[in-house]
2 protein chains.
Amino acid sequence: MTSNAKQGENSVPHPEVPGRPCSAAAALQLVGERWALLAIREIFYGNRRFGQIVRNTGAPRDRLAARLRALEEAGVVERRAYSERPVRFEYHLTEAGRDLAPVMHALLAWGDRWAVDTPPVAFRHRGAPGSEHAAEHDLDLKSTCRTCGEEAGAGGLTIDVRAPGWDRSGPVEGS
Amino acid sequence: MTSNAKQGENSVPHPEVPGRPCSAAAALQLVGERWALLAIREIFYGNRRFGQIVRNTGAPRDRLAARLRALEEAGVVERRAYSERPVRFEYHLTEAGRDLAPVMHALLAWGDRWAVDTPPVAFRHRGAPGSEHAAEHDLDLKSTCRTCGEEAGAGGLTIDVRAPGWDRSGPVEGS
DNA sequence: GAGGGTGGGTTTGAAAATCCAACTGTCATG
DNA sequence: CATGACAGTTGGATTTTCAAACCCACCCTC
């Protein structure tokens, strides 16, 4: 199911994807099934117990159990016993899991704009205590290019397909 | 299926979500089904025809037809005839669809780091012609807070749940 | 020590979604 | 007239999903 070629220490399985080789497709293979991202959302919010996640996502218990297992196997969540006798676990995010924050924020921002009437949650941001932005304010994300500092908006972007046998428009004939 | 309360001019249907009211859940309701984001990826890449999207995503034809219809209904893609006789359509992104770019980029970045061996595609970025960053370079996104300019990393964030009857940890009893 | 409650799942059976291959219909081209 | 492209649709088997019920280990109270 997974092609574990050359994975680093803390890496997650590298899924194979149908169609074009694509990191987004690979990401979706790992966290794109129904309920997966909602479960991760709850863990982000600090709700780590099975019952809480069921309640707050509305997922069927059996599906959630299956997803959490898959996410564990994918290296995105980690199961920690918080009690022996009876054995009880809670779910934590791994580094890979925490690294999904930008995905969640992007989805949230899109949903705020396009999929809901009034945003049901907001994030408040506070800079470092001494800094000039120590006052709390609503978080309003934009994506900027780390190397040039400019906002990466509409234009100025070109695709560079590096996977052999593929280009922007599909599989390449002569290969 | 949708609670069309007070939608703006160019808005998409506002889906109801199970569990906690959440814009990300609403977003996933619209674009979270299998193949949907991959189809959108192809349209981003300029591949607008059914056959191309099938080929490049690997989706079953019937599923893709269903997804494209759902995405159209969701206001994310638009179907334009590029030929009468025979009637043929191609798929374009609406503004809502184009606005999914940050979601795609976030997924791509996560996948680049965690889900693939070597990134199969990269984006090249070039600033405005006169600007100091006119040279082309790899796009490397970071999320910064629009109001304070700081990178929105790990700390400094608090959740503010505004949906009535809910808080960070779940539904509120006394209501 | 019987009964009830909690937490974390698993089981069951029916409904829905998915997959794949083959098929259709409309046209253009040779 | 045969072939092929394009854009789907159809049929039938296979998987997933769902909701509700159930199970098990433990704790608490009476």
Side-chain angles (χ1 to χ4, degrees), chain A residues 1 15-19 25 28-39 42-43 46-74 77-92 169-171 173, chain B residues 1 15-19 25 28-39 42-43 46-74 77-92 169-171 173:
Chain A
M1 194 64 67
E16 284 176 8
V17 300
L28 287 171
Q29 203 88 325
L30 295 175
V31 300
E33 282 170 309
R34 199 168 182 203
W35 307 116
L37 280 171
L38 299 188
E42 289 302 317
I43 306 179
N47 302 316
R48 311 202 158 89
R49 315 269 253 243
F50 188 83
Q52 292 180 301
I53 303 178
V54 165
R55 197 163 33 64
N56 296 351
T57 60
R61 308 173 72 78
D62 62 334
R63 287 302 85 208
L64 187 67
R67 285 297 158 272
L68 286 170
R69 240 172 264 297
L71 289 173
E72 189 188 7
E73 187 148 348
V77 309
E78 196 185 0
R79 215 157 156 251
R80 280 186 214 159
Y82 71 91
S83 138
E84 320 290 335
R85 336 208 29 74
V87 197
R88 291 285 154 74
F89 297 94
E90 55 187 15
Y91 298 90
H92 291 253
S169 67
E173 301 303 320
Chain B
M1 195 63 66
E16 285 175 9
V17 298
L28 288 171
Q29 203 88 325
L30 295 175
V31 300
E33 282 171 309
R34 198 167 183 204
W35 308 117
L37 280 171
L38 299 188
E42 288 304 316
I43 306 178
N47 302 316
R48 310 203 158 88
R49 316 270 252 242
F50 187 83
Q52 292 181 301
I53 303 178
V54 165
R55 197 163 32 67
N56 296 350
T57 60
R61 307 173 73 78
D62 61 336
R63 287 304 83 209
L64 187 68
R67 283 298 157 272
L68 286 170
R69 240 173 264 298
L71 289 173
E72 189 188 9
E73 187 147 348
V77 310
E78 196 185 0
R79 212 157 157 250
R80 278 186 214 159
Y82 70 93
S83 137
E84 321 288 336
R85 341 205 26 69
V87 198
R88 291 283 155 75
F89 297 94
E90 54 187 14
Y91 298 91
H92 291 253
S169 68
E173 300 302 320

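Chain identifiers are assigned alphabetically (A, B, ...) following the order of the sequence lines, protein sequences preceding nucleic acid strands; residue numbering begins at 1 within each chain. The structure presented is a predicted model; accordingly, all values stated were derived computationally and were not measured.
- Listed for the Gln52(A) side chain is no donor-acceptor partner under 3.5 Å among the backbone atoms of Gly170(B).
- Distances shown here put a side-chain N or O of Arg69(B) below 4.0 Å from the OP1 or OP2 atom of dT9(D).
- Summarising the geometry, the separation between CZ on Arg79(B) and C1' on dC6(D) is reported as 13 Å, rounded to the nearest angstrom.
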Between the protein and nucleotides 27-30 of chain C, list the N/O to N/O atom pairs that are separated by less than 3.5 angstrom.
residue, atom, partner, partner atom, Å
dC27(C), OP1, Arg85(B), NH1, 3.3
dC27(C), OP1, Arg85(B), NH2, 3.2

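- Contact check, Arg67(B) against dT18(C): a side-chain N or O comes under 4.0 Å of OP1 or OP2.
- One interatomic measurement links the two molecules: CG of Asp62(B) to P of dC23(C), which rounds to 16 Å at whole-angstrom precision.
- Residues Leu30(A) and Pro15(A) meet the side-chain proximity criterion, which asks for heavy atoms closer than 4.5 Å.
- Counting only distance, with no hydrogens or angles, the side chain of Glu78(A) and the backbone of Glu72(A) share no donor-acceptor pair below 3.5 Å.
- Going from atom CD of Glu33(A) over to atom CG of Leu71(A) covers 8.5 Å, rounded to the nearest 0.5 Å.
- Residue Phe50(B) contributes atom CZ, which lies 16 Å from atom P of dA5(D) at whole-angstrom precision.
- Contact annotation: Arg88(B) does not reach the phosphate of dT26(C) (side-chain N/O to OP1 or OP2, under 4.0 Å).
- Between the Arg67(B) side chain and the Arg34(B) main chain, a donor and an acceptor come within less than 3.5 Å of each other.
- Nucleotide dA7(D) holds its P atom 8 Å from the CD atom of Gln52(B), rounded to whole Å.
- Residue Tyr91(B) places at least one side-chain N or O under 4.0 Å from the OP1 or OP2 atom of dG8(D).
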Please tabulate, for side-chain N and O atoms in residues 80-87 of chain B, each donor-acceptor pair with protein atoms closer than 3.5 Å (sequence neighbours left out).
residue, atom, partner, partner atom, Å
Arg80(B), NH1, His92(B), ND1, 3.2
Tyr82(B), OH, Arg49(B), NE, 3.4
Ser83(B), OG, Pro86(B), O, 2.6

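- We find the CG-CZ distance between Leu68(B) and Phe50(B) to be 7.0 Å, quoted to the nearest 0.5 Å.
- As a whole-Å value, the separation of Leu64(A) CG from dT17(D) P is 12 Å.
- Here the P atom of nucleotide dT10(C) and the CZ atom of Phe89(A) are 11 Å apart, to the nearest Å.
- Against DNA chain D, the stretch residues 28-39 of chain B makes no heavy-atom approach under 4.0 Å.
- At the phosphate of dA7(D), OP1 or OP2 sits under 4.0 Å from a side-chain N or O atom of Tyr82(B).
- With a 6.0 Å cutoff to the six-membered ring centre and a 45° limit on the axis angle, Arg79(A) counts as a cation-pi contact of Phe89(A).
- Rounding to whole angstrom units, CZ of residue Arg55(A) and P of dG9(C) are separated by 15 Å.
- Looking at Asn56(A), its side chain never comes within 3.5 Å of a backbone N or O of Glu42(A) through a donor-acceptor pair.
- Between Leu68(A) atom CG and dG7(C) atom C1' there is a gap of 14 Å when expressed in whole angstrom units.
- Contact annotation: Arg61(B) side-chain N/O to dT24(C) OP1/OP2 distance is not under 4.0 Å.
- Heavy-atom nearest nucleotides on DNA chain D were determined for Pro60(A) and for Arg49(B), and the one closer to the 5' end corresponds to Arg49(B).
- Remark: Ile43(A) CD1 to Leu38(A) CG distance equals 11.5 Å, nearest 0.5 Å.
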